[in-house]
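So the structure is just underneath, and the comments pick up after that.
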Amino acid sequence: MGNLTLREPNNGGEAGFTLIELLVVMLILGVLAAVALPSFFDQVDKGHDAKAKEAAHDVQVTMESCSTENNGKYTNCAKAQLLKLEPALNGLPTFTASSAESGSGYTISVKAKTTEHTFEIKRKATGVVEYPCSPKATGGCPASKSWK
């Protein structure tokens with residue numbers, strides 16, 4: 001076997017990364033951010049939509065309680081009356097509640113905080129309940145006719 005010589009470390013030279021190596025790392029980080037950030041923001045929007053749906057359900061439960069106190073009619077169940085029955089509704093996203101003139105149905109509408117998506121609950125006089133939302137196929141509003 002021949003003589004094996006070890007090279008001395010280059011103590012006098014500069015050590016570090018080359019510009020190309022740094023650019024490659026920055027490119028990789030940029031690609032990861034471009035993939036992850038839109039997904040993150042979409043999840044935040046869906047969270048706001050979910051909160052609006054929950055608020056619509058809370059208003060619906062209060063509307064049914066109001067009806068129980070009014071012999072099964074929804075005519076005296078305007079937003080002000082609902083807030084008296086359930087003060088916790090004050091902390092919810094913006095909502096509207098209106099009853100049909102016959103008092104046998106109602107419409108609840110809640111707008112999500114940041115997405116401006118609208119989620120509704122419509123109870124017809126026949127007792128059929130619908131859950132429309134808009135705009136369709138965005139955020140928490142599916143392409144189908146119902147969000148529930």
Side-chain angles (χ1 to χ4, degrees), residues 1-69 74 76-100 104-148:
M1 295 198 142
N3 287 346
L4 210 51
T5 58
L6 297 175
R7 235 171 42 162
E8 293 279 327
N10 186 1
N11 291 335
E14 294 185 31
F17 297 106
T18 66
L19 181 60
I20 297 296
E21 292 170 331
L22 290 174
L23 288 174
V24 167
V25 169
M26 290 178 64
L27 177 68
I28 291 170
L29 290 175
V31 167
L32 289 174
V35 169
L37 286 178
S39 177
F40 171 75
F41 288 123
D42 188 42
Q43 294 304 317
V44 171
D45 288 346
K46 284 183 179 181
H48 288 291
D49 286 353
K51 189 171 184 175
K53 291 175 187 179
E54 179 184 356
H57 179 70
D58 291 345
V59 175
Q60 179 185 26
V61 169
T62 307
M63 183 70 88
E64 295 298 337
S65 296
C66 181
S67 166
T68 302
E69 292 181 5
Y74 300 100
N76 295 328
C77 299
K79 184 174 180 175
Q81 181 64 22
L82 296 177
L83 291 172
K84 285 180 186 175
L85 282 173
E86 185 54 65
L89 295 180
N90 280 315
L92 297 181
T94 305
F95 74 91
T96 60
S98 59
S99 60
S104 56
Y106 58 82
T107 299
I108 296 166
S109 179
V110 179
K111 188 173 277 197
K113 183 178 180 180
T114 58
T115 63
E116 298 293 318
H117 295 160
T118 303
F119 299 92
E120 295 182 326
I121 299 176
K122 294 182 177 183
R123 184 186 188 281
K124 297 182 178 186
T126 59
V128 174
V129 181
E130 296 176 344
Y131 300 89
C133 59
S134 64
K136 299 210 180 302
T138 58
C141 185
S144 68
K145 296 179 181 179
S146 178
W147 57 266
K148 188 167 184 179

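Residues meeting the side chain to side chain contact (heavy atoms under 4.5 Å, CB included) test with L19, sequence neighbours left out: L23. Under the side chain to side chain contact (heavy atoms under 4.5 Å, CB included) criterion, I28 pairs with V24, L32, not counting sequence neighbours. Take T114 and apply the side chain to side chain contact (heavy atoms under 4.5 Å, CB included) test, not counting sequence neighbours, and it matches D45, H48. Qualifying side chain to side chain contact (heavy atoms under 4.5 Å, CB included) partners for Q43, counting only residues two or more places apart in sequence or in other chains: K46. Listed by chain and number, the residues in a side chain to side chain donor-acceptor pair (under 3.5 Å) with S104 are S102 (sequence neighbours excluded).
Applying the salt bridge (Lys or Arg N to Asp or Glu O under 4.0 Å) definition to pairs two or more places apart or across chains, those involving residues 112-121 are K111-E116, E120-K122. Legend: disulfide bond (SG atoms under 2.5 Å apart) pairs involving residues 16-52, not counting sequence neighbours: none detected.
Contact detail for S146 and P142: the closest heavy-atom pair is O-CG, 3.3 Å.
F95 contributes atom CZ, which lies 6.0 Å from atom CG of L82 (distance to the nearest 0.5 angstrom).
Open room surrounds NZ on K84; 12 or fewer heavy atoms of other groups in view lie less than 6.0 Å from it.
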Result block: side-chain N/O donor-acceptor pairs under 3.5 angstrom for residues 126-136, not counting sequence neighbours:
{"from": "E130", "atom 1": "OE2", "to": "K124", "atom 2": "NZ", "distance (Å)": "3.0"}
{"from": "K136", "atom 1": "NZ", "to": "C133", "atom 2": "O", "distance (Å)": "3.1"}

Show me the donor-acceptor pairs, under 3.5 Å and distance only, between side chains in residues 52-66 and residues at least two apart or in other chains.
{"from": "K53", "atom 1": "NZ", "to": "G140", "atom 2": "O", "distance (Å)": "2.8"}
{"from": "T62", "atom 1": "OG1", "to": "D58", "atom 2": "O", "distance (Å)": "3.0"}
{"from": "E64", "atom 1": "OE1", "to": "Y74", "atom 2": "OH", "distance (Å)": "2.9"}
{"from": "E64", "atom 1": "OE2", "to": "Y74", "atom 2": "OH", "distance (Å)": "3.2"}
{"from": "E64", "atom 1": "OE2", "to": "Y106", "atom 2": "OH", "distance (Å)": "2.9"}
{"from": "S65", "atom 1": "OG", "to": "V61", "atom 2": "O", "distance (Å)": "3.2"}

